[in-house]
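Below: the structure, in structure tokens.
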Amino acid sequence: MSTHTIVIIGASFAGLTAAQGLLKTVIPSLGGKDKYKVVQVAPNEEFYWKIGAPRVIANPESLPLEKALLPIAPYFKSYGPEQYEFVKAYVTSIDPATKTVHTSTSAALHYDSLVIASGTNFNTPLWTVTDGSEALKAALNDVHEKIPSAKTILIAGGGAAGVETAGEFGETYGKTKEITILSGSTSLLPRLHNKKMGTDAQQRLEKMGVKVINDNVKVVEHTKEDGKDVLKLSNGETKTVDIYIEATGDKPNSKFVPQEWLNDRNQVKTDPHTLRLDVPGVTGVYSFGAVASYSDGAAFDIGFAKNAFLETLRSDLSGATPGPRTKKVYKKITSDMQFVPIGSQGGVGIAFGYKLPSFMVKMAKAKDFMIGKAAQTIEGNA
């Protein structure tokens with residue numbers, strides 16, 4: 001019997017969860033490890049715990065990069081080359097007719113099943129290893145060299161990443177440096193239904209000495225001059241600062257995906273219950289994580305969907321379930337879910353729509369940004 005090749009595009013939260021889930025549970029349950037091979041393709045050979053990025057950026061003594069950037073290979077060393085292969089490359093295109101993934105190297109990868117778990121891209125490499133680890137290291141080094149002498153710091157973006165980064169800078173430098181955050185909206189944390197969360201976050205930041213600017217003010221142009229960042233704002237102002245951190249959100253990493261597989265937000269069209277590609281006539285293709293249309297981009301959308309996703313793969317690979325659904329389906333939680341540290345001693349949080357006290361945010365995330373789960377994520381046990 002010929003080997004069934006499962007190609008996974010991406011090696012971050014979703015891609016690694018998919019690979020370990022297949023190798024540890026799905027393939028063994030199908031009886032015969034030699035019948036299946038997992039091939040993972042990504043430009044990064046290291047996993048970045050980007051959940052901890054705000055502290056890595058602003059307070060590297062508390063959370064150094066070496067704790068948040070871990071090599072992937074050691075966590076897959078128990079699998080032989082006939083079971084698992086890692087290809088370091090960018091994916092350039094997918095050919096559904098020949099079931100081929102084309103890459104930036106000479107490697108063209110044939111797939112029998114395909115998992116698109118390529119995550120998202122940011123405008124700055126401070127948050128990701130999508131462009132490889134070296135770009136991340138260079139961007140962090142630039143910020144860290146400037147911090148001691150910097151007098152002015154501006155963070156653009158009022159979502160969780162921006163608020164957390166402002167909190168990290170505020171806790172350490174709020175009394176000695178001018179720190180500003182532009183929400184880019186009318187409040188902080190604008191995606192949450194509970195608007196009290198944004199108000200609470202603003203009050204906490206202001207107590208640290210951070211200036212919060214709302215009123216939909218955004219950075220519309222960014223240039224550099226004499227080692228400083230020159231920012232033109234949407235209200236007509238120009239600000240020159242020593243350090244500029246862009247935390248304005250991310251976009252699906254899907255430019256290599258066939259256009260007919262994408263929705264109007266460039267996410268992969270995905271059945272929200274089974275995580276199969278939701279395109280008529282195409283089978284054996286799945287999408288998992290932030291690149292998929294079922295996801296809001298949160299890590300919750302990976303963890304909560306994991307079991308349903310793996311059950312779909314198991315059913316499809318075994319051929320046991322001809323219908324559109326498996327026994328386990330994903331039911332997305334639509335109520336607010338977010339933990340936002342503001343410094344190391346607390347923050348704001350909401351779970352299943354219920355506001356949480358600051359001490360719970362401290363215990364769950366603010367203390368160390370859950371860095372202990374970085375290795376567990378690569379292992380597939382987080």
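We number each residue from 1, following the sequence as shown. Every heavy atom of this structure was used, including side-chain atoms; hydrogens, water molecules and symmetry mates were not.
Identified under the side-chain hydrogen bond (donor to acceptor under 3.5 Å, both in side chains) test for residues 289-305, with sequence neighbours left out: S295-D301, D296-K332, D301-K332. Among pairs with a residue in residues 156-200, none fulfils ring-ring contact (aromatic ring centres under 6.0 Å, His included), at least two apart in sequence or across chains. Within the structure, the ring-ring contact (aromatic ring centres under 6.0 Å, His included) test picks out the following pairs touching residues 219-255 (sequence neighbours left out): H222-Y244. Legend: salt bridge (Lys or Arg N to Asp or Glu O under 4.0 Å) pairs involving residues 51-62, not counting sequence neighbours, sorted by first then second residue: R55-E168. Sorted by first then second residue, the side-chain hydrogen bond (donor to acceptor under 3.5 Å, both in side chains) pairs that include residues 158-167, not counting sequence neighbours, are E164-K365.
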In a table with atom names and distances, give each donor-acceptor pair under 3.5 Å that connects a side chain of residues 20-27 to protein atoms at least two apart or in another chain.
unit_1, atom_1, unit_2, atom_2, d
Q20, OE1, Y79, OH, 3.4
Q20, NE2, Y75, O, 3.1
Q20, NE2, I378, O, 2.9
K24, NZ, E379, O, 2.6
K24, NZ, N381, OD1, 3.2
T25, OG1, G21, O, 2.6

Could you list the donor-acceptor pairs under 3.5 angstrom formed by side chains in residues 180-188, with sequence neighbours left out?
unit_1, atom_1, unit_2, atom_2, d
S183, OG, S185, N, 3.1
S183, OG, S185, O, 3.1
S183, OG, N214, OD1, 2.8

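Other residues sharing a hydrophobic cluster with W261 under the 4.5 Å side-chain heavy-atom criterion for ILVMFWY residues are V7, I9, V39, V41, V87, V91, I94, V101, L109, Y111, L114, I116, F256, V257, L262, V268, L277, V279, V282, V285, V291. As a member of the Ile/Leu/Val/Met/Phe/Trp/Tyr network built from side-chain separations under 4.5 Å, M363 groups with nothing else and remains a singleton.
Shown here for K195 and P190, the closest heavy-atom pair between the two residues is NZ-O, 2.7 Å. The heavy-atom pair separating E246 from W127 by the smallest distance is O-NE1, 2.8 Å. Between P43 and V129 the shortest heavy-atom distance is CG-O, 4.5 Å. The two residues A351 and L356 make their nearest non-hydrogen contact at CB-CD1, 4.0 Å. Closest approach of V329 and A308 over heavy atoms only: C-CB, 3.6 Å. Residues Q338 and A160 approach most closely at NE2-CB, 3.8 Å, considering heavy atoms.
Listed for the T248 side chain is no donor-acceptor partner under 3.5 Å among the backbone atoms of A156. One N or O on the side chain of S118 and one on the backbone of N253 form a donor-acceptor pair closer than 3.5 Å. K177 places a side-chain N or O within donor-acceptor distance of the main-chain N or O of A150, the cut-off being under 3.5 Å. Between the side chain of K306 and the main chain of G380, a donor-acceptor pair closer than 3.5 Å is present. The backbone N or O of E85 lies less than 3.5 Å from no partner atom in the side chain of Q40, so there is not a single donor-acceptor pair. Remark: side-chain polar atoms of Q202 are not paired, donor with acceptor, to backbone N or O of T199 under 3.5 angstrom. With T238 contributing its side chain and V230 its backbone, the two residues share no donor-acceptor pair below 3.5 Å. One N or O on the side chain of D336 and one on the backbone of N194 form a donor-acceptor pair closer than 3.5 Å. Remark: the backbone N or O of T377 is not paired with any side-chain donor or acceptor of W49 at under 3.5 angstrom. Side-chain atoms of T100 come within 3.5 Å of backbone N or O of T98 as a donor-acceptor pair.
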Test log, rule side chain to side chain contact (heavy atoms under 4.5 Å, CB included), inputs L63 and D368: CA-CA 8 Å; L63 183 53; D368 61 2; over 6 Å; no

Residues H110, T5; criterion side-chain hydrogen bond (donor to acceptor under 3.5 Å, both in side chains); working and verdict: CA-CA 7 Å; H110 168 76; T5 301; 6.0 Å; no

Residue pair S133, E46: steps toward the side-chain hydrogen bond (donor to acceptor under 3.5 Å, both in side chains) verdict: CA-CA 7 Å; S133 302; E46 294 171 293; 2.6 Å; yes

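Of the inter-residue distances, the one linking T172 atom OG1 with N59 atom CG reads 4.0 Å to the nearest 0.5 angstrom. Here the CD1 atom belonging to I245 is positioned 7.0 Å from the CD1 atom belonging to I155, to the nearest 0.5 angstrom. Here CD1 of I51 is found 4.5 Å from CE of M370. Values are rounded to the nearest 0.5 Å. With rounding to the nearest 0.5 Å, the separation of CG in L69 from CD in E45 is 11.5 Å. The distance from atom CZ of F309 to atom CZ of F288, rounded to the nearest 0.5 Å, is 5.5 Å. Between the NZ atom of K88 and the OG atom of S104 there is a distance of 10.0 Å, given to the nearest 0.5 Å.
Applying side-chain contact (heavy atoms from CB on, under 4.5 Å) to V217 and the options V219, I213, V220 leaves one that passes, I213.
Legend: residues meeting salt bridge (charged side-chain N to carboxylate O under 4.0 Å, His left out) with D242, ordered by chain and number and at least two apart, are K228. In terms of the salt bridge (charged side-chain N to carboxylate O under 4.0 Å, His left out) criterion, K207 has no residue partners (sequence neighbours excluded). In this view, D229 and K224 satisfy the salt bridge (charged side-chain N to carboxylate O under 4.0 Å, His left out) rule, not counting sequence neighbours.
Transitive grouping of hydrophobic side chains (ILVMFWY, heavy atoms separated by less than 4.5 Å) brings L310 and I8 into a common cluster. Cluster annotation: L126 and F13 are assigned to the same hydrophobic cluster (Ile/Leu/Val/Met/Phe/Trp/Tyr, side-chain heavy-atom contacts under 4.5 Å, transitive).
A donor and an acceptor atom, one from each side chain of T240 and E225, are nowhere located under 3.5 Å apart.
The number of heavy-atom neighbours closer than 6.0 Å to NZ of K373, taken from other residues, nucleotides and ligands shown, is 12 or below.
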